[in-house]
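Quick caveat, the model's predicted, so the values are computed rather than measured.
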Number of protein chains: 2
Amino acid sequence: MRTISPPVGLPALNETDLVGQVARRLTEAIVLGRLPPGSKVVEAGIARELGVSRAPVREAARLLEQQGLLVANPRRGFFVRQFAADDIDEIYDLRLCVERHAAVLAARNLTPETRDKLRRQIEVLHETADLDDPARQVEEDYRFHRLICEIAGNRRMLRLFDDLASELRMVIGLIGRLYDDPHEIARTHEPVLAAIEAGHPERIVAYVDYHIGHAWREVGRLVREIPPWPAAAK
Amino acid sequence: MRTISPPVGLPALNETDLVGQVARRLTEAIVLGRLPPGSKVVEAGIARELGVSRAPVREAARLLEQQGLLVANPRRGFFVRQFAADDIDEIYDLRLCVERHAAVLAARNLTPETRDKLRRQIEVLHETADLDDPARQVEEDYRFHRLICEIAGNRRMLRLFDDLASELRMVIGLIGRLYDDPHEIARTHEPVLAAIEAGHPERIVAYVDYHIGHAWREVGRLVREIPPWPAAAK
DNA sequence: TAATCGTCGATTGTCGACAGTTTGATCTTG
DNA sequence: CAAGATCAAACTGTCGACAATCGACGATTA
């Protein structure tokens with residue numbers, strides 16, 4: 001008797017079906033700033049545009065709702081989530097709390113392989129800094145932090161990170177730019193990695209605090225500068 | 001020109017429609033141990049049982065999937081999540097990380113009203129301890145911790161807590177009992193509250209660590225005692 | 001003129017149906 | 001008798017349809 005299949009384990013990312021694809025397209029549209037915050041997401045419209053029926057769209061929308069990108073108003077439909085300044089504070093507060101812990105765990109689990117991955121990612125960050133491609137820069141930045149969460153080895157923590165990141169990506173995407181000096185952001189990752197390699201919990205926390213806190217203040221400032229969001233079209 | 005309605009804000013819990021009700025019934029069935037871990041959730045079956053069509057069931061299932069109670073296998077359906085010992089560790093690790101922070105924030109935001117709420121909840125815990133109703137005891141326990149997260153004032157953190165709690169409720173519900181001495185658990189909440197009232201971050205963290213760590217070890221032990229889960233029926 | 005009411009188009013919530021896949025059992029074959 | 005092929009029932013993924021509800025515009029009235 002062979003085991004036919006391991007029916008349950010963990011997430012097992014839905015990549016197969018339409019729902020996953022619709023969700024990705026929707027996420028993309030939201031993060032890239034089409035579908036501005038506050039705008040209504042008409043199921044039939046999305047469905048027609050993607051050449052599918054409403055059912056997959058609804059399920060995808062529910063997914064993005066749980067992820068925090070959409071807000072559902074019963075009998076009224078889904079709307080693209082709007083962020084206020086205190087949302088930024090909530091996200092960064094939680095992110096800081098989690099990433100501190102993740103970094104400490106990562107240090108505990110660090111192997112030569114994972115250490116190299118982190119180092120290489122910092123190199124990538126420097127290379128990307130020359131490209132003048134803010135979106136790419138943000139992406140590679142997240143990849144570094146995500147690596148830390150991966151190495152930490154707590155799958156739920158990683159998922160939480162992904163959720164927070166997708167919210168942040170949306171906000172930052174709307175701001176358009178992030179840092180004035182992309183090389184600076186690349187540099188501020190180095191002491192974090194150094195602390196993780198050294199394995200000093202206190203130093204790790206301190207540098208993570210500094211690094212994330214820096215981004216927090218920066219994003220917070222930018223958000224407060226452009227308070228009335230890009231206009232909730234339609 | 002008046003604004004017709006505030007279309008977006010935050011969650012706005014779906015309570016209106018079928019999906020919410022189906023989700024609640026499903027959650028209940030899972031947490032209470034009907035629908036044992038590993039069992040298949042047949043959409044049509046649930047739909048017939050609840051007298052609705054498959055569409056709301058599917059959407060509810062997707063909700064529970066994101067919440068971690070179900071696992072989706074494309075083309076095969078939804079299965080009730082199975083937990084292993086390391087899942088317990090993940091959940092408590094994350095929970096500890098979050099609740100430490102929540103307690104510190106709660107101390108910062110504490111008002112006479114919220115302080116009284118916490119005190120009263122501890123009283124309730126003591127009262128419930130006499131009832132010999134483990135499920136109720138667990139519920140009131142969570143209500144205390146949830147209060148702390150509420151007072152902390154970070155909505156995302158509260159949601160994370162709820163998600164983790166629903167997973168834990170499921171596990172604990174399957175274990176059947178939690179503590180041998182329900183009064184002891186009630187007592188261990190008191191120093192936590194005392195530390196919050198005193199407002200000493202270090203002491204708060206220490207007592208939260210002790211309290212949650214205690215539960216962690218206890219639940220971990222029980223889970224390891226009953227490794228092969230209650231049989232994945234059908 | 002300003003506010004209220006009623007009507008109409010647009011959109012959501014829900015349903016039943018159909019095709020393709022998976023599952024488990026039966027049959028075949030070495 | 002065991003291992004693989006075959007087949008039927010069950011189930012999922014997706015679709016189009018219909019009723020209920022919402023939002024906006026215009027008519028009515030004080």
Looking only at side-chain N and O atoms, does Asp93(B) offer a donor or acceptor that is under 3.5 Å from a partner on His101(A)? yes
Pair Arg143(B) + Glu140(B): basic N to acidic O under 4.0 Å: yes
Give the rounded distance in Å between these two atoms: CD of Glu65(A) and P of dG13(C). 10 Å
Using whole Å, report how far CG of Leu50(A) lies from C1' of dC15(D). 15 Å
Can you tell me how far the NZ atom of Lys117(A) sits from the CD atom of Glu150(A), to the nearest 0.5 Å? 6.0 Å
Round to a whole Å and report the spacing from CZ of Arg58(A) to C1' of dT11(C). 11 Å
Minimum-distance nucleotide (side-chain atoms of Val19(B) versus dC15(D), dT14(C), dT11(C)): dT14(C)
Looking at Asp116(B), I want to see if its CG is surrounded by more than 12 non-hydrogen atoms of other residues, nucleotides or ligands under 6.0 Å. yes
Atom CZ of Arg76(A) and atom P of dA10(C): how far apart are they, to the nearest Å? 19 Å
Just say parallel, tilted or perpendicular for the rings of Trp216(B) and Tyr92(B), cut-offs at 30° and 60°. parallel
Counting heavy atoms from C-beta on, name the nucleotide in dT12(D), dT12(C), dC15(C) closest to the side chain of Glu43(A). dT12(C)
For the pair made of CZ in Arg54(A) and C1' in dG13(D), what is the distance, rounded to whole Å? 16 Å
May I ask you to say what Val41(A) touches in the nucleic acid, namely base, sugar-phosphate or nothing, with a heavy-atom cut-off under 4.0 Å? sugar-phosphate
From CD1 of Ile46(A) over to P of dT12(C), roughly how many Å is that when rounded to an integer? 10 Å
Looking at the side chain of Ser53(A), which of dT14(C), dT14(D), dC11(D) is the nearest nucleotide? dT14(D)
Tell me which of Pro56(A) and Arg48(B) sits closer to the 5' end of DNA chain D, going by the nucleotide each one is nearest to. Arg48(B)
Between Phe78(A) and Ala55(A), the residue closer to the 5' end of DNA chain C by nearest nucleotide is Phe78(A)
In whole angstrom, what separates Arg75(A)'s CZ from dT14(C)'s P? 6 Å
When rounded to whole Å, the NZ to C1' distance for the pair Lys40(A) and dG23(D) reads 10 Å
